[in-house]
Participant: 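Sharing a structure below in structure tokens format, with a few things to ask.
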Amino acid sequence: MGLSDGLLNPDKKTMVVDDCCNMIEAQLASKSGISGIALKTAFSALKGVKPGYIPYVVEQLLPLYCTALDPLWSEGVQNGNPVEYLDTNRSRTAEALLGVTDARVKSVKRPIVRGTYDKLRGSAKKHVEEAVPDFAKIIDKYTKV
């Protein structure tokens with residue numbers, strides 16, 4: 001079973017998106033200092049693009065993330081613990097996720113979205129790596145048979 005089978009299942013997809021959005025909020029809440037303020041400000045700006053913009057983006061990116069992470073997840077299944085495997089391979093996991101967003105942002109027409117992404121991209125890998133354990137748990141929750 002690939003990630004898409006569990007995460008994009010019509011009966012689960014809304015819950016997956018909600019859990020991802022809650023994870024993003026929790027990750028943001030845990031940030032402090034200047035970089036935390038910058039992230040929170042950027043996220044607020046993106047939320048202001050239109051109502052429901054963040055869940056919309058998560059829903060749009062989810063199939064692409066599934067495709068990007070499927071090989072890593074499969075390696076983890078073969079190794080006996082896919083959640084731990086993604087965590088152990090945080091750098092590769094973050095690169096796979098950021099590869100999706102890097103490609104997607106090229107087609108974004110809203111200047112605020114592109115500008116915000118461009119400003120934060122330099123520090124993004126660190127933040128994505130920090131979120132990998134929580135994201136892996138969400139994946140695990142919805143891919144269990």
Side-chain angles (χ1 to χ4, degrees), residues 1-108 113-114 116-145:
M1 174 196 288
L3 291 180
S4 295
D5 297 326
L7 298 179
L8 303 179
N9 175 320
D11 295 333
K12 299 177 183 177
K13 190 173 181 184
T14 300
M15 293 182 290
V16 174
V17 170
D18 287 347
D19 281 358
C20 288
C21 290
N22 290 334
M23 177 201 65
I24 293 167
E25 291 282 354
Q27 286 289 320
L28 284 168
S30 74
K31 305 296 179 189
S32 60
I34 293 173
S35 65
I37 292 169
L39 283 171
K40 291 172 186 176
T41 302
F43 194 74
S44 292
L46 293 175
K47 281 177 146 179
V49 168
K50 69 178 184 179
Y53 185 69
I54 301 301
Y56 167 79
V57 170
V58 170
E59 185 174 352
Q60 296 302 305
L61 292 176
L62 194 57
L64 304 171
Y65 287 153
C66 288
T67 301
L69 289 179
D70 210 15
L72 282 165
W73 188 260
S74 294
E75 289 172 25
V77 169
Q78 291 174 354
N79 283 298
N81 188 336
V83 171
E84 185 178 295
Y85 189 82
L86 290 186
D87 188 21
T88 301
N89 292 278
R90 284 182 190 197
S91 180
R92 286 177 60 205
T93 304
E95 287 174 16
L97 295 169
L98 289 168
V100 168
T101 54
D102 288 346
R104 186 63 182 242
V105 82
K106 291 177 183 175
S107 65
V108 170
V113 174
R114 183 178 289 212
T116 300
Y117 187 81
D118 289 345
K119 285 179 188 169
L120 297 175
R121 179 55 179 93
S123 63
K125 186 172 179 187
K126 171 186 169 257
H127 297 297
V128 174
E129 285 178 352
E130 290 171 358
V132 165
D134 292 338
F135 188 49
K137 288 174 188 170
I138 291 170
I139 294 170
D140 189 50
K141 176 180 176 180
Y142 291 103
T143 56
K144 289 189 178 191
V145 179

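Predicted, not measured: the structure shown is a model, and the values here were computed from it.
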Participant: Considering only heavy atoms from C-beta outward, does the side chain of Val108 approach that of Tyr117 to under 4.5 Å?
Facilitator: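 No, side chains not in contact.
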
Participant: Please find the pair of heavy atoms, one from Ser123 and one from His127, that lie closest to each other, and give the distance.
Facilitator: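 Looking at all heavy atoms of both residues, the shortest contact is O-CD2, 3.1 Å.
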
Participant: Between the main-chain N or O of Lys31 and the side-chain N or O of Lys40, is there a donor-acceptor pair closer than 3.5 Å?
Facilitator: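 Yes, because the side chain of Lys40 sits within donor-acceptor range (under 3.5 Å) of the backbone of Lys31.
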
Participant: Please round to the nearest 0.5 Å and tell me the distance separating atom NZ of Lys125 and atom CZ of Arg90.
Facilitator: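 Answer rounded to 0.5 Å: 12.5 Å.
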
Participant: Between CH2 of Trp73 and OG1 of Thr93, what distance do you get to the nearest 0.5 Å?
Facilitator: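 Atom-to-atom, Trp73:CH2 and Thr93:OG1 are 10.0 Å apart.
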
Participant: Closest heavy-atom contact between Ser107 and Arg114?
Facilitator: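 So the two residues come closest at N-NH2, 4.0 Å.
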
Participant: Yes or no on side-chain contact (heavy atoms from CB on, under 4.5 Å) for Arg121 and Leu98, after CA distance, side-chain angles and deciding distance?
Facilitator: CA-CA 9 Å; Arg121 179 55 179 93; Leu98 289 168; 3.7 Å; yes

Participant: Could you go step by step and tell me if Gln60 and Arg104 meet the side-chain contact (heavy atoms from CB on, under 4.5 Å) rule?
Facilitator: CA-CA 10 Å; Gln60 296 302 305; Arg104 186 63 182 242; 3.9 Å; yes

Participant: What is the minimum heavy-atom distance between Val17 and Pro55, and which atoms define it?
Facilitator: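 Result for this residue pair: CG1-O, 3.7 Å.
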
Participant: Rounded to the nearest 0.5 Å, how far does SG of Cys20 lie from CD of Gln27?
Facilitator: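 Here the interatomic distance stands at 11.5 Å.
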
Participant: To the nearest 0.5 angstrom, please state how far the CG atom of Leu72 sits from the OG1 atom of Thr88.
Facilitator: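 Here the interatomic distance stands at 11.5 Å.
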
Participant: For Leu46 and Tyr53, which heavy atoms make the closest approach, and how far apart are they?
Facilitator: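 In this case the closest contact between Leu46 and Tyr53 is O-CD2, 3.3 Å.
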
Participant: For Ile138 versus Asp19, what's the shortest heavy-atom pair and its separation?
Facilitator: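 Scanning both residues completely, I find the closest heavy atoms to be CD1-O, 3.5 Å.
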
Participant: I'd like to check Val57 versus Val113 (side-chain heavy atoms, cut-off strictly below 4.5 Å). Are they in contact?
Facilitator: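 No, side chains not in contact.
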
Participant: Donor-acceptor pair, Asp70 side chain versus Leu3 backbone, under 3.5 Å?
Facilitator: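 Yes; at least one donor-acceptor contact below 3.5 Å.
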
Participant: Is there a side-chain contact (heavy atoms from CB on, under 4.5 Å) between Ile54 and Phe43 once you walk through the steps?
Facilitator: CA-CA 9 Å; Ile54 301 301; Phe43 194 74; 3.8 Å; yes

Participant: Decide yes or no on side-chain contact (heavy atoms from CB on, under 4.5 Å) for Thr143 and Asp5, but give the supporting numbers first.
Facilitator: CA-CA 7 Å; Thr143 56; Asp5 297 326; over 6 Å; no

Participant: Mind checking the CE-CD spacing from Met23 to Glu25? Nearest 0.5 Å is all I need.
Facilitator: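 Atom-to-atom, Met23:CE and Glu25:CD are 10.5 Å apart.
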
Participant: Give, for atom CG of Asp134 and atom CD1 of Ile139, the distance between the pair rounded to the nearest 0.5 Å.
Facilitator: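 Taking CG in Asp134 and CD1 in Ile139, the distance rounds to 11.0 Å.
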
Participant: Under 3.5 Å, is there a donor-acceptor pair between the side chain of Asn81 and the main chain of Val83?
Facilitator: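 Present.
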
Participant: Mind listing the closest non-hydrogen atom pair of Tyr85 and Arg92 along with its distance?
Facilitator: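 Heavy-atom minimum between the residues: OH-NH1, 3.4 Å.
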
Participant: Taking everything shown except Glu75 itself, do over 12 heavy atoms lie less than 6.0 Å from its CD?
Facilitator: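 For Glu75, atom CD is crowded (more than 12 foreign heavy atoms under 6.0 Å).
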
Participant: Output yes when Lys144 and Asp140 qualify as a salt bridge under the 4.0 Å nitrogen-oxygen rule, no when they do not.
Facilitator: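 So Lys144 pairs with Asp140 through a salt bridge.
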
